[in-house]
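Before I ask anything, here is the structure I am working with.
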2 protein chains.
Amino acid sequence: MSEQTETDPEPTAEVPSPLLRRATLRDVATRAGVSTAAASKVLRGAYGVSPAMRERVQEAMAALSYRPNASARGMRGKTFTIGVLISDIQNQFYDQVMSGVAPVFAEAEYAVLIAQAAPSVESELAMVETMIDHRMDGLVLMTPTMPRAEIERFASLLPVVVVARGGGGAGFDTVSADDEVGSALIVDHLVGLGHRSIAHISVDSPDDDPTLPFRARTRGYEDAMRRHGLEERIDVISTGWTQAGGVSAAARLLERDALPTAIHAGADVAALGLLGVLWDRGVEVPGDVSVAGYDNSPIGMLAPISLTSVDQGADVLGRRAAELLLERIGGRTEPRSVRIRPTLVTRGTTAPPRA
Amino acid sequence: MSEQTETDPEPTAEVPSPLLRRATLRDVATRAGVSTAAASKVLRGAYGVSPAMRERVQEAMAALSYRPNASARGMRGKTFTIGVLISDIQNQFYDQVMSGVAPVFAEAEYAVLIAQAAPSVESELAMVETMIDHRMDGLVLMTPTMPRAEIERFASLLPVVVVARGGGGAGFDTVSADDEVGSALIVDHLVGLGHRSIAHISVDSPDDDPTLPFRARTRGYEDAMRRHGLEERIDVISTGWTQAGGVSAAARLLERDALPTAIHAGADVAALGLLGVLWDRGVEVPGDVSVAGYDNSPIGMLAPISLTSVDQGADVLGRRAAELLLERIGGRTEPRSVRIRPTLVTRGTTAPPRA
DNA sequence: GTCCACGCGTATAACGTTCTACGAGATCGT
DNA sequence: ACGATCTCGTAGAACGTTATACGCGTGGAC
């Protein structure tokens, strides 16, 4: 609307109608008495700047509280922004992962923006496309359920790291806890307590990609059962790893003549839904039935719940993922695959079966 | 966490493509045999396109699976992207709000990206700046704790709607539940049960802006106490509305000679932390002390917790916020302020005091 | 027949960066 | 003394859109 005067006495008492009029690199350059190219060099820490010039430009930037326009940057160079895809933001696990991710990118001066996907492959794909539209410099995908081919396709466009879905990839990195091992930890623990009738809640999905967490954990459960000579007792209930999934699993179990003596719920959220129903029906935990979750979420630690679970080391997962992504942005192309060994956390919901 | 193993799968067959080579509007135009200006018109649904041309261009877009470059768009026009600031992503309340926000923007063909702030004003400011750097078309701020002047400043740059922090604003809209009323609902409920000794957990913060939720809820508590002639019994413990805040509030209370007969925890998360300690110490709830939360989060509904709480209508809050933001983007400048009446949800953690 | 409005397209200048050239001095080896 | 080299700085062309300003037929009104 009106022209900008540098000798503006009072910092605008009026409403600034020129939507989004922030200082630009050209403003900085003008104020510092150099070319925009020079200002850009200072901004990027590029070669060819004298200490004197750097000083002046930085001063001008501070004085104008200059902030680089990410859109403009995205047109030619980098945006210094990382995109994170989270499907189930409810799940505290991802929040814990983020607490590992955030400081690494903050340290490297990358901004982080999160895209929340609805629980469907289409939504995941759409959100990833959106992040690419915004020219993010790299992507962290939290337990994507999309086909691996799609992940490869994205990875051919920009650096990608997948968290909590193992198996490695040709063009991207993966960071995950070993779900088969974690699942076996639970079975071993329950068998060690004397259980033989152990049910497992899995996810009802047509996708049988072996790297999907629920496939891996179910495989770990089945292998462990076989290893203990309990092949006949393998008992998988496929609903879903949500609170609702736990509720319907409980309903199915309660329809039977007898409950199993232990349930490996696959995820804490599912265990919570399951526990809610059991408690309501007066089923005693761990008296009548032992219950184990997976993820070691903060809620499960609460005294009245005290859920036995498996810790995936979420923050470590997040930190390693961020580090790998930075490496990839730095130019590495050989894929890497980090696998963390999960640990069992024994609490009050598991105990020996009633004699 | 235990140590991890790192394996490197077979090296990449090849580096797939020149990073980020997607179809551009020019490609579309060439394929359709028109100018880029024409293609742009079709893309934006602007005036001056014949049905035939529209047809051909749309066909070309589909064939090339064209996606507009948000960075380029951001340089001149809009990015069709909304930014959401969430401070405490742990808190399920915001997830519920998002479930109201998302469909509205999806319908209007806006993408939504989330910035997660650490719990500090500096972090909030930095994340908002980041979103402006990316030339978002509008911002939804979830319970920002930054000074109102800062919000006004941002609102002078782009459309802003504030959720769950009331009071209205000069240059932005607000959508919130009435915290004073909600807080009074709890006090009335407890007094109705016969309680007279009712403590309240608030937030330890130097900021006394009356629109901050914790100020409003504490005000509501105090007013209600006065209204019931319990002015002398006003008892505010300022720690924080987090699980940890609940834990330290519990510690402070247990140091005393006698516990209050009821506690208005201010937030479900704080109530959970509080409950954990009480349960551990063998304090019976609601026998020895009644506890009420605020937010009506899914965890509190779980049978063994069964937390009395206040429902803010999170999804309605989210939907209205999104609608208001779209209006603002559409050109409205008069501020609007939506206030929702919260409702009490009575559950198992509140009961009459022991005679 | 002229005039003008209208419908439909195109040409082109931004937008704010990055980055490749390139030039002007200063420094240096011989 | 004289190129060769290095250091520090500038010019200017992208990048992919949007939006303004035109141009050019058509056809209706007079």
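Order of the sequence lines fixes the chain letters, A, B, ..., with proteins taken first and strands second; residue numbering starts at 1 for each chain.
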What pairs of nitrogen or oxygen atoms, one from the protein and one from nucleotides 24-28 of chain D, lie under 3.5 Å apart?
none

### Query
Counting side-chain heavy atoms from CB outward, which of D/dG16, C/dT18, C/dG16 is closest to A/Arg44?
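Nearest nucleotide to the side chain: C/dT18.
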### Of all pairs that satisfy side chain to side chain donor-acceptor pair (under 3.5 Å), the ones with a partner from residues 60-75 of chain A, not counting sequence neighbours
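For residues 60-75 of chain A, and leaving out neighbouring residues, the side chain to side chain donor-acceptor pair (under 3.5 Å) pairs sorted by first residue read A/Arg67-B/Asp133.
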### Query
Quick one: side-chain hydrogen bond (donor to acceptor under 3.5 Å, both in side chains) partners of A/Thr145, sequence neighbours excluded?
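Only A/Glu124 meet the side-chain hydrogen bond (donor to acceptor under 3.5 Å, both in side chains) criterion with A/Thr145.
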### Query
How many Å lie between CG on A/Leu25 and P on D/dA14, as a whole number?
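The answer, rounded to whole Å, is 20 Å.
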### Query
Taking CE from B/Met75 and C1' from D/dG16, how many angstroms apart are they, rounded to a whole number?
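In whole Å, D/dG16 C1' lies 9 Å from B/Met75 CE.
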### Task
Check whether any side-chain heavy atom of B/Pro144 sits under 4.5 Å from a side-chain heavy atom of B/Val162, and report yes or no.
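Yes, close enough: below the 4.5 Å cut-off.
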### Message
For B/Tyr110, give me all partners under ring pair (Phe, Tyr, Trp, His ring centres under 6.0 Å), at least two apart in sequence or on another chain.
### Response
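Only B/Phe80 meet the ring pair (Phe, Tyr, Trp, His ring centres under 6.0 Å) criterion with B/Tyr110.
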### Task
Sort and list the pairs that fulfil side chain to side chain donor-acceptor pair (under 3.5 Å) and have at least one residue in residues 318-337 of chain B, not counting sequence neighbours.
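For residues 318-337 of chain B: B/Asp173-B/Arg328, B/Asp173-B/Arg332, B/Thr174-B/Ser337, B/Arg320-B/Glu323, B/Glu327-B/Arg332.
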### Interatomic distance, B/Arg22 CZ vs D/dC15 C1' [rounded to whole Å]
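Value for this atom pair: 15 Å.
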### Sidechain-backbone polar pair: A/Asn91 side chain, A/Asp88 backbone, donor-acceptor under 3.5 Å
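No: the side chain of A/Asn91 does not pair with the backbone of A/Asp88.
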### Query
Do A/Arg165 and A/Thr211 have side-chain N/O donor and acceptor atoms under 3.5 Å apart?
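A/Arg165 vs A/Thr211: donor-acceptor pair found between side chains.
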Donor-acceptor contacts, no H, no angles, side chain residues 52-61 of chain A, under 3.5 Å, sequence neighbours left out:
| from | atom 1 | to | atom 2 | distance (Å) |
| --- | --- | --- | --- | --- |
| A/Arg56 | NE | A/Ala32 | O | 3.0 |
| A/Arg56 | NH2 | A/Ala32 | O | 3.2 |

### Task
Return the value, rounded to whole Å, for the distance between atom NE2 of B/His134 and atom P of C/dC15.
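One finds 21 Å between P of C/dC15 and NE2 of B/His134, rounded.
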### Query
A/Thr81: what forms a side-chain hydrogen bond (donor to acceptor under 3.5 Å, both in side chains) with it, not counting sequence neighbours?
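Here the qualifying residues are B/His134.
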### Query
A/Asp133 CG to D/dC15 C1': how many Å, rounded?
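So the CG-C1' distance, A/Asp133 to D/dC15, works out to 16 Å.
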### Query
Distance check: side-chain N/O of B/Arg26 vs OP1/OP2 of D/dT17, anything under 4.0 Å?
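The answer is no; no side-chain N or O of B/Arg26 sits under 4.0 Å from OP1 or OP2.
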### Query
Do the side-chain N and O atoms of A/Thr143 and A/Tyr94 include a donor-acceptor pair separated by under 3.5 angstrom?
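Side-chain D/A pair, A/Thr143 to A/Tyr94: present.
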### Task
Specify the separation, in whole Å, of atom CZ of B/Arg67 and atom C1' of D/dT17.
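Rounded to whole Å, this separation is 16 Å.
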### Message
Nearest to the side chain of A/Thr24, heavy atoms from C-beta on, is which of D/dG16, D/dT18, C/dT17?
### Response
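Looking only at side-chain atoms, A/Thr24 lies closest to C/dT17.
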### Task
For each nucleotide in nucleotides 7-13 of chain D, reading 5' to 3', give B when a protein heavy atom comes within less than 4.0 Å of its base, S when such contact involves only the sugar-phosphate, and - otherwise.
SSBBBB-
### Task
To the nearest Å, give me how far apart CE (B/Met61) and P (D/dG16) are.
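It is 15 Å, rounded to the nearest whole Å.
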### Query
Do A/Val84 and A/Val112 come within less than 4.5 Å of each other through their side chains, counting heavy atoms only?
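A side-chain contact under 4.5 Å exists here.
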### Query
Could you give the CD1-to-C1' distance, from A/Ile132 to D/dG16, as a whole number of Å?
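Rounded to whole Å, this separation is 17 Å.
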### Query
C/dG16 phosphate, OP1 or OP2: any side-chain N/O from A/Arg73 under 4.0 angstrom?
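The answer is no; no side-chain N or O of A/Arg73 sits under 4.0 Å from OP1 or OP2.
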### side-chain hydrogen bond (donor to acceptor under 3.5 Å, both in side chains) against B/Asp207, all qualifying residues, sequence neighbours excluded
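side-chain hydrogen bond (donor to acceptor under 3.5 Å, both in side chains) list for B/Asp207, sorted by chain: empty.
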For residues 113-120 of chain A, run the donor-acceptor check on the side chains, cut-off 3.5 Å, and write out each pair with its distance to 0.1 Å, sequence neighbours left out.
| from | atom 1 | to | atom 2 | distance (Å) |
| --- | --- | --- | --- | --- |
| A/Gln116 | NE2 | B/Asp95 | OD1 | 3.4 |
| A/Ser120 | OG | A/Ser123 | N | 3.1 |

#### Entry: Any side-chain donor near an acceptor of the partner, A/Arg26 and A/Thr30, under 3.5 Å
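No, no side-chain donor-acceptor contact under 3.5 Å.
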### Message
Angle between the two end axes of the helix from C/dG1-D/dC30 to C/dT30-D/dA1, five base pairs per end, rounded to 10 degrees?
### Response
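Roughly 50° between the end axes, to the nearest 10°.
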Protein and nucleotides 25-27 of chain C: nitrogen or oxygen contacts under 3.5 angstrom:
none

